[in-house]
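Reading through the structure tokens given below for one structure.
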Amino acid sequence: MNILVTGGAGYIGTHAVVELLDSGHNVCVVDNFCNSSRISLARVQDITGKSVRLYEGDICEFDFMAEVFEKNDIDVVIHFAGLKAVGESVLKPLIYYKNNVEGTISLLRAMNSAGVKKIIFSSSSTVYGEAVMPVSEKSPRGNPTNPYASTKKIVEDILLQISQTDPAWSVGILRYFNPIGAHKSGLIGESPQGIPNNLLPYLCKVQLGQLPFLTVFGNDYPTKDGTGVRDYIHVLDLAKGHTASLDFISKTTGYYVWNLGTGVGYSVLDIIKSFEKISAVHIPFRFSARRPGDIASCWSTTEKAEIELNWKAINTLDDMISDTLNWLRLNPVGYN
Ligand code: NAD
Ligand code: WQD
């Protein structure tokens, strides 16, 4: 199939593009590189030996998007493009609504004009908010605690309403849990700009000695050791979740939601322990107060994706950390 991948130069996008190319699909990427590098796509081509058609531009630009659809006979869109930093979204809500919501509307209008009605959207476990664990696709979505989460909820609603109005649409909502890890080749991985907010990228900087210690946000949560628990999933498993959902939605119409997680929660201390074991480097850390907006625990059920998509995450936490460390060893400054 001919697949348009928005945000295909980013962390998850590059891994998904590799998986798509390896599965025999033709891939066209739209990216404005606001949070990524051209090098990542060159590396994708090195890994797969296949080429990707790149359109550099902003999904918010309707005319640009319409042209991409005119020039390519697209069957399905996989929509990763978006801003994702929770803290930044609190400081710059309008930028987040413009990019993530207006950008998606522009994309959907261009799809409509071209008669392309199949889309997979990168949503997030963040839509569940403070919920009873584990969360399943039937769990109610919570009240968004930040503009980023709000944009994911709004886009999910827009896609639901479109598919209710026009039954020709086929929509797959993928709610990712906490993606970490990197490609086994060490050629592609996560390359955050500036000081990272997320746990694994922060740990990497501490391991490299670029930051002095990790701050563990809270040791008084009602969890096994008091620190926050999350469902970390290898980005390669996540990428396979996209090809599995692509197979599903390409054969049907309607609106479908799948959680992409492992079903297992690990605490911050578990992660530090595994990171130290695999890297053989001591990670200095200090406890501090809880980070505003954080929840104690979040992990997923896995049955729906297993049954409907025949997909299950297979990489262990040790795999995720050793692949992260391999990427880090080969690219200590990311793509820079
Ligand atoms: P990323 O920032 O690495 O990738 C996003 C890509 O989209 C980047 O290449 C960026 O340049 C591009 N982009 C952003 N706005 C654009 C625009 N207006 N026009 C064109 N390109 C644009 O992020 P990621 O971690 O790969 O996340 C991909 C998607 O998955 C995002 O929608 C994110 O919200 C969602 N998601 C991520 C996580 C996570 O923890 N990484 C978890 C849940 C959901
Ligand atoms: C994991 C755990 C922190 C950093 C975020 C977004 C979410 C989704 C995934 C996109 C928590 C603790 C972290 C640090 C720490 N993204 N921590 N010290 O918060 O689960 O989810 O990324 O959709 O929307 O909110 O991920 O990696 O930031 O935190 O102690 O320096 O590590 O408190 O318990 P989070 P994270």
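All values derive from a computational prediction rather than experimental measurement. Whatever order the structure lists them in is the order used to number ligands and atoms, beginning at 1.
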Short question: side chain of R175, backbone of S123 - any donor-acceptor pair under 3.5 Å? no
Record the part of [X] in heavy-atom contact with ligand 2 below 4.0 Å; permitted values are side chain, backbone, both and neither.
{"X": "N197", "result": "backbone"}
{"X": "T126", "result": "side chain"}
{"X": "N178", "result": "side chain"}
{"X": "Y232", "result": "side chain"}
{"X": "V86", "result": "side chain"}

Expected rows: ligand 1 N/O, protein N/O, dist below 3.5 Å:
residue, atom, partner, partner atom, Å
ligand 1, 2 (O), N35, ND2, 2.7
ligand 1, 3 (O), Y11, N, 2.8
ligand 1, 9 (O), G10, N, 3.2
ligand 1, 9 (O), D31, OD1, 3.2
ligand 1, 9 (O), D31, OD2, 2.6
ligand 1, 9 (O), S36, OG, 2.7
ligand 1, 11 (O), D31, OD1, 2.7
ligand 1, 11 (O), C34, N, 3.1
ligand 1, 11 (O), N35, N, 3.1
ligand 1, 11 (O), S36, OG, 3.2
ligand 1, 15 (N), N99, ND2, 3.0
ligand 1, 18 (N), D58, OD1, 2.9
ligand 1, 18 (N), N99, OD1, 2.8
ligand 1, 19 (N), I59, N, 3.1
ligand 1, 21 (N), N32, N, 3.2
ligand 1, 21 (N), N32, OD1, 3.2
ligand 1, 25 (O), K84, NZ, 2.8
ligand 1, 26 (O), Y11, N, 3.3
ligand 1, 26 (O), I12, N, 2.8
ligand 1, 32 (O), F80, O, 2.8
ligand 1, 32 (O), K152, NZ, 2.9
ligand 1, 34 (O), Y148, OH, 2.6
ligand 1, 34 (O), K152, NZ, 3.0

Distance under 4.0 Å to a non-hydrogen atom of D294: what atoms of ligand 2 satisfy this? 3 (C), 19 (O), 33 (O)
Salt bridge (Lys or Arg N to Asp or Glu O under 4.0 Å) partners of D31, counting only residues at least two apart: none
Which is closest to atom 19 (O) of ligand 2 in terms of heavy atoms, R291, K152, K205? R291
For Y148, state whether at least one heavy atom is located under 4.0 Å from any atom of ligand 2. yes
Report yes or no: does a heavy atom of F213 sit under 4.0 Å from some atom of ligand 2? no
